[in-house]
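All values below come from the heavy atoms of this structure, side chains included, with hydrogens, waters and symmetry mates left out. Proteins get letters first, then strands, A, B, ... in listed order; numbering begins at 1 in each. All figures in this text were calculated on a predicted structure; none of them were measured in a lab.
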Amino acid sequence: MSTDNKSLKRIIDFRHEKLDAIKNSGINPFPYSFDRTDYADDVIKSYDPDSDKKQVSIAGRIVSMRKMGKASFTHLQDESGKIQLYIKRDDVGVDVYNNLFKNLDLGDIIGVTGYVFVTRTEEISVHAEFLTILSKNLRPLPNLKEKDGVAFNEYGDKELRYRHRYLDFIANPQNKIIFEQRATIISAMRSVLDSNGFLEVETPILQQIYGGASARPFKTFHNTLDESLYLRIADELYLKKLIIGGFEKVYELAKNFRNEGMDRSHNPEYTSLEFYQAYVDVYYMMDFTEMLIKTIAQKLNVDTVEFNSFKISLSKPFEKKSMFELLNNASGKSVDTMDRLGLYEYAKELKLEIDKKMNYGQLLDAIFEHLVEPTLINPTFVYDYPKAISPLAKGKRDGNQDIVERFELFIGCTEFANAFSELNDPIDQRQRLESQAKLREIGDEEAQNVDNDFIEAMECGMPPTGGVGIGVDRIVMLLTGQNSIKDVILFPAMRTEKEK
RNA sequence: GACCCAGUAGCUCAGUCGGUAGAGCAACGGCCUUUUAAGCCGGCGGUCGCAGGUUCGAUUCCUGCCUGGGUCACCA
């Protein structure tokens, strides 16, 4: 009963034999460095027919091989791109050609020194004069055959690409661009915040009481403390403690962890940007958020994006609409005058999945999601949210008991940001969290906890504050035109692969 | 969590209206000193995702499960 893959095992065996052959000829197949001075792409771009035979030294992975007995062509791939090598026995030496080159495989990493020339078929190439191995490949790579940048056997299986991301980047180097852009986006976020006087901070990921959002957590255990800890679902409460402590502008690029469903816009660990500023309100933050997103888009030279099959302009002014204005328009009814029972009846009329326990805010939210969200294609700040679903936001300044100062930013029918005029009245805050706790008691697993530490901090005096949370992965999706969060996360969460 | 689709060689795929499978690439041997999806010749490589059921016989039909993708629900 053998579960060996004979074909694969045989290929690997041959590679080991070649590795041994290289070692036996006195060459270290895994040396320590190589004096690389040139990149493939630069060599091609800077080629000058008048200064033929320019000396270059390049290093990279062998991605194609055409052996013709005593001379061969291969393509070398480095970070910048690909370049063809011409390796002639009489020029690299009979020993190197027979003992080293003949034992090289697709996927090996080599270093080459030689001169630039143009082949008969007019491809700028490097004529090798010195060849060395830098690392041996022992496992076959995906099929890398391509012509004019188009793969013939595309390595496109998503499961394989995500599980073996390195193979994805070797076979589909263009996919690296998304992650270069991701880095640019995050760097631009930092740059905007830093230059506006925000301090970047780091707050605990392991927390005794999780809070700051409505979500189910991951639970873990600390042996020495002998207590259960949670992986944070948000960093909000800690950042507010810093505002209380006198840091007036803070931000954190935080990995959050939520024990919920996974789909094309949710990964169990994801990156959020939260920033808080003392003495401003949610409306100030609205303008700041718009500026932040537009600045990032400009940095990427993105003006119009295609997202969720919508074409969206990011340079025009973002719209600002109140939730009720949108609801009344979409429904043709006066949703703003409905009470809880009225909303309940209307939700039933719309055939929404609701249950009798839902409060005013939850019903309003359900109706909003159904009627309005699908219409929010152009960037739109939606403000005036129900208090019942916003336990950390300050009540509206006009005295309306059911509404808080909060906005969410929607682009392409997807939520990108969530912000409040932060609640800074500790008495009100305790009541709000206590009513959340009651929801937990009747089975709402996502309702928030009473965090006495947080309330105690607020009792020491918290300035009026504006706070914003932005889904970084989603921003990357938007700006790079990706429709799956897995395509903007290097190593997305996957179920453990069964033993084969 | 619900529904739909997919899983065949290392990779990309075909195929079998039920009689245990083919191709290209890769890999292996041979020829080839400007090729480029190099070419030519030769020989390999698979318990057809897993487990049951029906059947004389299952990779194919049925059921369950696993993994992934997609849609929906919840959330960011």
Side-chain angles (χ1 to χ4, degrees), chain A residues 1-15 17-18 64-75 82 84-92 97 105-107 117-123 125 127 139-148 150-164 167 171 213-216 233-234 256 258-274 352-353 365-366 369-370 389 408-409 414-418 444-446 469-475 477 483-486 492 494-500:
Chain A
M1 193 192 87
S2 167
T3 54
D4 283 352
N5 291 310
K6 268 191 200 157
S7 171
L8 177 60
K9 187 178 181 303
R10 212 172 48 164
I11 293 171
I12 291 173
D13 284 348
F14 279 122
R15 307 245 162 151
E17 281 173 23
K18 289 180 181 178
S64 78
M65 267 201 180
R66 292 174 293 283
K67 297 189 180 182
M68 302 173 300
K70 299 179 188 67
S72 301
F73 286 93
T74 84
H75 273 92
K82 278 183 212 175
Q84 182 172 255
L85 307 177
Y86 180 52
I87 297 163
K88 194 157 88 168
R89 190 190 68 182
D90 296 343
D91 289 334
V92 294
Y97 198 83
D105 290 296
L106 286 175
F117 78 113
V118 177
T119 63
R120 251 180 225 165
T121 49
E122 299 192 320
E123 178 166 350
S125 308
H127 190 127
R139 186 176 283 275
L141 301 180
N143 209 311
L144 300 173
K145 287 263 161 105
E146 54 98 9
K147 185 182 174 77
D148 301 328
V150 180
F152 281 84
N153 296 289
E154 195 193 7
Y155 186 67
D157 184 291
K158 289 196 171 214
E159 179 172 4
L160 291 174
R161 283 184 45 227
Y162 299 143
R163 285 194 195 278
H164 309 286
L167 294 180
S214 301
R216 279 145 64 194
I233 58 170
N256 289 335
R258 298 194 181 177
N259 211 338
E260 292 167 348
M262 296 156 60
D263 61 28
R264 84 169 204 279
S265 60
H266 297 84
N267 196 60
E269 59 178 294
Y270 71 99
T271 307
S272 84
L273 169 69
E274 288 200 21
L352 302 185
E353 265 187 52
D365 202 36
E369 273 179 30
H370 178 76
I389 56 167
E408 292 194 340
L409 171 62
T414 303
E415 188 189 334
F416 281 85
N418 180 25
D444 183 346
E445 288 185 82
E446 292 180 353
I470 293 179
V472 172
D473 309 283
R474 289 189 179 174
I475 293 285
M477 287 168 67
N483 289 320
S484 168
I485 200 167
K486 286 187 163 77
M494 302 284 276
R495 203 178 291 270
T496 305
E497 214 172 358
K498 276 196 309 182
E499 289 238 4
K500 282 180 190 166

Q.
Does the plane of the ring in F117(A) sit parallel, tilted or perpendicular to the ring in Y86(A)? Use 30° and 60° as the thresholds.
A. tilted
Q | P spacing across the pair rU60(B) / rU47(B), given as an integer number of angstrom | A | 15 Å
Q. Does K145(A) put a side-chain nitrogen or oxygen below 4.0 Å from OP1 or OP2 of rA38(B)?
A. yes
Q. Contact class for D148(A) vs. all strands (heavy atom < 4.0 Å): base, sugar-phosphate, or nothing?
A. nothing
**Q.** Spacing of D263(A) atom CG relative to rA76(B) atom C1', expressed in whole Å
**A.** 10 Å
Q) Expressed in whole Å, how much space separates the P atoms belonging to rA6(B) and rA27(B)? A) 33 Å
Q. Reckon R139(A) touches a base, only the sugar-phosphate, or nothing at all at heavy-atom distances under 4.0 Å?
A. nothing
Q. Rounded to the nearest Å, what distance is computed from the CD atom of residue E269(A) to the P atom of nucleotide rA76(B)?
A. 18 Å
Q) From rG46(B), rC74(B), rC11(B), pick the nucleotide closest to the side chain of K6(A)? A) rG46(B)
Q.
Using the side-chain heavy atoms of K486(A), tell me which of these nucleotides is nearest: rG69(B), rA27(B), rC11(B).
A. rG69(B)
**Q.** Shortest side-chain distance from E159(A), nucleotide among rA9(B), rU67(B), rC32(B)
**A.** rU67(B)
(Q) With a cut-off of less than 4.0 Å, is there a side-chain N or O of R264(A) near OP1 or OP2 of rU71(B)? (A) yes
Q | Opposite nucleotide pairing with rC61(B), Watson-Crick or G-U, both atom distances under 3.5 Å | A | rG53(B)
Q. To the side chain of F14(A), which of rC28(B), rC25(B), rG10(B) is closest?
A. rC28(B)
Q: Could you give the distance separating rC62(B) and rC17(B) at their P atoms, to the nearest angstrom?
A: 14 Å
Q. When rounded to the nearest Å, what value does the distance between P atoms of rG19(B) and rC48(B) take?
A. 15 Å
Q. Do the side-chain N or O atoms of R66(A) get closer than 4.0 angstrom to the phosphate oxygens (OP1, OP2) of rU35(B)?
A. no
Q: Verify the contact: side-chain N or O of R495(A) to OP1 or OP2 of rG68(B), cut-off strictly under 4.0 Å; return yes or no.
A: yes
Q: Answer with base, sugar-phosphate or nothing: what part of the nucleic acid does D157(A) contact at a heavy-atom distance below 4.0 Å?
A: sugar-phosphate
Q. With a centroid cutoff of 5.5 Å and a plane-angle limit of 30°, would you call F416(A) stacked on rA76(B)?
A. no
Q.
Categorize F152(A) for me: base, sugar-phosphate, or nothing, with a 4.0 angstrom heavy-atom threshold over every strand shown.
A. base
(Q) Over all strands shown, is K88(A) touching base, sugar-phosphate only, or nothing at heavy-atom distances under 4.0 angstrom? (A) base
(Q) Heavy atoms from C-beta onward define the side chain here; which of rU33(B), rA27(B), rG69(B) lies closest to that of M68(A)? (A) rU33(B)
Q) Who does rG1(B) pair with, Watson-Crick or G-U, both distances under 3.5 Å? A) rC72(B)
Q. Does any donor-acceptor pair link the side chain of N153(A) with the base of rC13(B) at a separation under 3.5 Å?
A. no
**Q.** L167(A)/L160(A) under side chain to side chain contact (heavy atoms under 4.5 Å, CB included): CA gap, chis, key distance, verdict
**A.** CA-CA 8 Å; L167(A) 294 180; L160(A) 291 174; over 6 Å; no
Q: Looking at every strand, decide which applies to E369(A) at a 4.0 Å heavy-atom threshold: base, sugar-phosphate, or nothing.
A: sugar-phosphate
Q. According to the Watson-Crick and G-U wobble definitions, with both distances under 3.5 Å, which nucleotide is paired to rC17(B)?
A. none
(Q) Within the 4.0 Å heavy-atom criterion, would you say G69(A) contacts the bases, only the backbone, or no part of the nucleic acid? (A) base
Q: Can you tell me, in whole Å, how much space there is between the C1' of rG42(B) and that of rU34(B)?
A: 27 Å
Q. Counting side-chain heavy atoms from C-beta on, which of rA38(B), rG68(B), rU34(B) comes nearest to M494(A)?
A. rG68(B)
Q. Is the backbone of Y155(A) close enough, under 3.5 Å, to the side chain of R161(A) for a donor and an acceptor to pair up by distance?
A. no
**Q.** Residue whose closest nucleotide on RNA chain B lies nearer the 5' end, N483(A) versus T119(A)
**A.** T119(A)
**Q.** Distance-minimising heavy-atom pair for R258(A) and A234(A)
**A.** NH2-CB, 4.2 Å
(Q) Just the rounded figure in Å: distance from P of rC25(B) to OH of Y155(A). (A) 21 Å
Q: Assign E154(A) to base, sugar-phosphate, or nothing according to its heavy-atom contacts below 4.0 angstrom with the strands shown.
A: sugar-phosphate
(Q) Under 4.0 Å, counting only non-hydrogen atoms across every strand here, what does E446(A) touch: a base, just sugar-phosphate, or nothing? (A) sugar-phosphate
Q | Euclidean distance for C1', rU35(B) against rG39(B) (whole angstrom) | A | 10 Å
Q: Mind checking S272(A) for me? I need base, sugar-phosphate or nothing, with any heavy atom below 4.0 Å counting as a touch.
A: nothing
**Q.** Euclidean distance for C1', rG10(B) against rC56(B) (whole angstrom)
**A.** 37 Å
Q.
Mind checking if F117(A) touches a base, just sugar-phosphate, or nothing, with heavy atoms under 4.0 Å?
A. base
Q. Do any side-chain nitrogens or oxygens of R10(A) fall under 4.0 Å of OP1 or OP2 in rC28(B)?
A. no
Q: Give the nucleotide from the list rC28(B), rC44(B), rU33(B) with an atom nearest to the side chain of R89(A).
A: rU33(B)
Q. Ignoring hydrogens and angles, are the base of rU35(B) and the side chain of E123(A) linked by a donor-acceptor pair under 3.5 Å?
A. no
Q.
Strictly distance-based, threshold 3.5 Å: is any side-chain N or O of N256(A) a donor or acceptor partner for the main-chain N or O of Y270(A)?
A. no
Q | Watson-Crick/G-U partner (both atom distances under 3.5 Å) of rU33(B) | A | none
**Q.** Distance-minimising heavy-atom pair for S272(A) and V472(A)
**A.** C-CG2, 3.8 Å
Q) What is the nucleic acid contact for K82(A), judged by heavy atoms within less than 4.0 Å: base, sugar-phosphate only, or nothing? A) nothing
Q | Given RNA chain B, 5'-ward residue of the pair K67(A) and H127(A), judged by closest heavy atom | A | H127(A)
(Q) Distance check, rounded to the nearest 0.5 Å: D13(A) atom CG versus K6(A) atom NZ? (A) 12.5 Å
**Q.** Out of rG45(B), rU35(B), rC11(B), whichever nucleotide has its closest atom nearest the side chain of L160(A)
**A.** rC11(B)
Q: Say whether Q84(A) and S125(A), considering side chains only, have a donor N or O and an acceptor N or O under 3.5 Å apart.
A: yes
Q | Test log, rule side chain to side chain donor-acceptor pair (under 3.5 Å), inputs H75(A) and E123(A) | A | CA-CA 11 Å; H75(A) 273 92; E123(A) 178 166 350; 2.8 Å; yes
**Q.** rG57(B) to rU16(B) separation - C1' atoms, rounded to the nearest Å
**A.** 15 Å
(Q) What's the closest nucleotide to the side chain of N143(A) if the choices are rA37(B), rA27(B), rC11(B)? (A) rC11(B)
Q) Given rA76(B), rA27(B), rU33(B), which nucleotide is nearest the side-chain atoms of I11(A)? A) rA27(B)
(Q) Quick check: any donor-acceptor pair below 3.5 Å linking the side-chain of S7(A) to the base of rG10(B)? (A) yes
Q) Given that both distances must come in under 3.5 Å, which nucleotide forms a Watson-Crick or G-U wobble pair with rG7(B)? A) rC66(B)
(Q) Using a heavy-atom cut-off of 4.0 Å across all strands, would you classify L141(A) as base, sugar-phosphate, or nothing? (A) nothing
**Q.** Point-to-point distance, once rounded to the nearest 0.5 Å, from CD of E408(A) to CG of N418(A)
**A.** 4.5 Å
Q. In Watson-Crick or G-U wobble terms, both distances under 3.5 Å, what is the partner of rC48(B)?
A. none
